[in-house]
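A short worksheet on the structure shown next.
In the text below, chain A, chain B and the rest are named by the order of the sequence lines, each starting its count at 1.
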There are 2 protein chains.
Amino acid sequence: MNITSNTEDYIKAIFHLTFEGSVNKVGTNQLAEYLGLSPASVSVMIKKMKSKHLVDYEKYGKISLTEVGHELAIKLIRKHRLWETFLHRYMNFSWDEVHEVAHQLEHIQSPKLIRELDNFLGNPKLDPHGDVIPDEEGNFSRTIRKSLSELEKGQRCRLVSVKDSSAVFLKYVTQLGLALSSEIEVLEVREFDHSMMIKYEEKVENVSKKFAESVYVEVV
Amino acid sequence: MNITSNTEDYIKAIFHLTFEGSVNKVGTNQLAEYLGLSPASVSVMIKKMKSKHLVDYEKYGKISLTEVGHELAIKLIRKHRLWETFLHRYMNFSWDEVHEVAHQLEHIQSPKLIRELDNFLGNPKLDPHGDVIPDEEGNFSRTIRKSLSELEKGQRCRLVSVKDSSAVFLKYVTQLGLALSSEIEVLEVREFDHSMMIKYEEKVENVSKKFAESVYVEVV
DNA sequence: ATTTTTTGTTAGTTATATCTAACTTTATTA
DNA sequence: TAATAAAGTTAGATATAACTAACAAAAAAT
Ligand SMILES: [Mn+2]
Ligand SMILES: [Mn+2]
Ligand SMILES: [Mn+2]
Ligand SMILES: [Mn+2]
C-alpha cells in the first residue's frame with residue numbers, strides 16, 4: 001500500500017489549505033477547487049486516503065491531515081523547495097519557471113538524492129520565493145508573515161516572500177522591477193479600493209489590493 | 001494523446017532489445033520478459049502503441065519502433081544518461097546506484113532542464129557506465145563494441161563500458177577492483193566453459209563466460 | 001418553519017495499465 | 001504429416017483516478 005504521486009498532490013494541497021492557510025480543516029469542494037478537480041473525484045479519493053490513515057475525515061465533515069500525512073507533506077515541501085533552489089541557482093531557471101518543474105521533481109523517490117541535493121546546495125534555508133525549507137528532521141521556523149496590504153501610509157518594508165507561485169504573478173512582480181529584498185515605502189493607501197501607491201528604487205507605482213495581499217514583507 | 005511514463009518505458013525497452021541488441025524486431029513475450037510483465041499485458045499495450053504510431057506491428061508479428069518512436073527513445077536515453085552523469089558527479093552516487101534514480105528522472109518533462117543540465121555538465125559524451133550520450137539533435141556515435149569474451153589468450157585491452165547496469169553486476173565489477181579504463185590482460189581462456197583468467201593491476205582473477213560477455217573492451 | 005442555496009456524496013462510466021485463465025496461431029520435432 | 005511445444009492473443013477481472021448526472025445533507029435566507 002504505497003503512496004502514488006496523485007495522493008502526494010492531495011496531501012500537499014490539504015497542507016497548503018490548512019496548516020499554511022488560516023483554518024485547520026478543509027472541505028471537499030474547496031479542495032476540488034484548489035486541485036482543479038470535480039468535488040465527486042475528491043470525495044472518492046479522500047475516502048481512500050482515510051483508509052490509508054493519511055487524513056482524518058467523517059462523511060459530510062471537514063478534512064485534516066493525520067500525523068503521518070502531515071509528516072509526508074513536510075517532506076514533499078522540503079523536496080519541492082530544494083529542487084526549486086537547485087533549478088534557480090544551477091539550471092538558470094527564473095523564479096517564475098521553477099514551480100512547474102519542481103512539481104514533477106518532488107515525486108522522485110530517493111532519500112539519498114534529497115540528502116545529497118541539500119548538501120550540494122549548502123543546506124539552504126529559503127527557496128527562490130522566500131519560503132522556508134524544512135530540514136531533514138522536518139523542522140522549520142514558522143514566521144508569521146505580514147502582507148504588504150497590512151501596512152499603512154508612510155511605513156517602509158522589505159519584500160521577503162510571495163504568497164502566489166504562479167508564473168503570471170511572478171512575471172508581473174519582476175516586470176514591476178521588484179524582487180526579494182526590494183525595499184518598499186508605502187506612499188498612499190486609497191480608502192476606495194485599498195490600492196496602494198508604493199515607492200521602490202526611485203520608481204513609483206500603483207498596485208491593487210490583491211497584489212498587496214500576495215506579497216509578504218518585513219517592516220524596517 | 002500524450003505519452004505516459006509507462007509508454008516511455010516500453011519505448012526504451014524496445015529500443016534496447018532492437019537497436020542496441022542484435023536483431024531489429026522483438027516479440028511480445030521477449031518484451032514481457034524484459035519488462036517483468038505478463039505477455040498478455042504487453043500484447044494489449046503494443047496494440048495501443050500501434051494506434052499512437054509509436055510502433056510497427058501486425059498481429060502475431062514482431063515489434064519495431066517507428067521513426068517517431070525511435071526519436072523518442074533516443075531522447076529518453078539522452079535524459080537517462082545525463083541524469084546518471086549528474087548523480088555520479090555531483091550527488092555522490094556510485095555507478096551501481098545511478099540507474100534506479102535516473103529511471104525515475106528520465107520521465108521529467110522539461111526540454112529546458114535537459115538543455116541546462118547538459119550545459120552544466122559540460123556536454124558529456126559518456127555516462128558513468130561508458131555509454132554514449134546522444135546530443136540535443138539525437139546524434140551519437142555507434143561504436144561496435146567488443147566483449148571481453150571475444151578476446152584470445154595473450155590479448156590486452158581497456159575496459160570501456162558495461163553491458164549490464166544492474167547493481168548486482170556493477171558491485172561485483174567494483175569488488176573485483178575493476179572500473180572504466182582498467183587495463184586487462186587475458187592470461188588464459190578455458191575450452192571447457194569459456195571462463196577466463198585475467199590480469200589487471202597486479203591482480204589475477206578467474207571470471208565466467210557470462211561476466212566476460214557483460215564487459216566491453218577496446219583492444220590495446 | 002419552509003424554502004432555497006451551498007456543499008457534499010453516490011452511481012455509473014471512462015481511461016490507463018496490470019493480472020490470470022483460456023484459447024489460438026506459428027514453429028519445431030518426431 | 002501429425003503431434004507437441006513455443007509464442008502470442010483475447011476475455012474477464014482488478015486497481016487507480018478521473019468524469020457527469022443524480023441525489024442527499026447542511027447551511028443560509030426568507
Ligand atoms: Mn513551488
Ligand atoms: Mn517556492
Ligand atoms: Mn541506466
Ligand atoms: Mn548508464
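Rounding to whole angstrom units, NZ of residue A:K47 and C1' of D:dT16 are separated by 15 Å. In this structure, B:N29 atom CG and C:dA27 atom C1' are separated by 13 Å, rounded to whole Å. To the nearest angstrom, P of D:dA15 lies 19 Å from CE of A:M49. Straight-line distance from the CD atom of B:E33 to the P atom of D:dA6: 14 Å, rounded to whole Å. A straight line from CD1 of B:I46 to P of D:dT10 spans 13 Å, rounded to a whole angstrom. Atom OH in A:Y60 sits roughly 5 Å away from atom P in D:dA25 (whole-Å rounding). Atoms CD1 (A:I3) and P (D:dT16) sit 13 Å apart, rounded to a whole Å.
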Distance-only check: which donor-acceptor pairs under 3.5 Å involve side-chain atoms of residues 136-144 of chain A, not counting sequence neighbours?
from: A:R142; atom 1: NH2; to: A:F19; atom 2: O; distance (Å): 2.9

Side chains of residues 32-45 of chain B: which donor-acceptor partners sit under 3.5 Å, not counting sequence neighbours?
from: B:S38; atom 1: OG; to: B:S41; atom 2: N; distance (Å): 3.2
from: B:S38; atom 1: OG; to: B:S41; atom 2: OG; distance (Å): 2.8

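A salt bridge links A:D118 to A:R78: at least one charged side-chain nitrogen sits closer than 4.0 Å to a carboxylate oxygen.
Taking the salt bridge (charged side-chain N to carboxylate O under 4.0 Å, His left out) definition, one finds that A:R145 meets it with A:D131, sequence neighbours left out. The side-chain hydrogen bond (donor to acceptor under 3.5 Å, both in side chains) test applied to A:D164 returns A:S166, not counting sequence neighbours.
Distances shown here put a side-chain N or O of B:K62 below 4.0 Å from the OP1 or OP2 atom of D:dG8. B:K59 has no side-chain polar atom (N or O) that falls below the 4.0 Å cut-off from OP1 or OP2 of C:dT24.
For residues 1-20 of chain A, every residue pair satisfying the salt bridge (Lys or Arg N to Asp or Glu O under 4.0 Å) rule, not counting sequence neighbours, is listed here: A:K12-A:E106, A:E20-A:R81.
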Revision key, fill the gap. Protein heavy-atom contacts under 4.0 Å, written 5' to 3' over nucleotides 12-20 of chain C as B (base), S (sugar-phosphate only) or - (none), form the string ----SBSBB

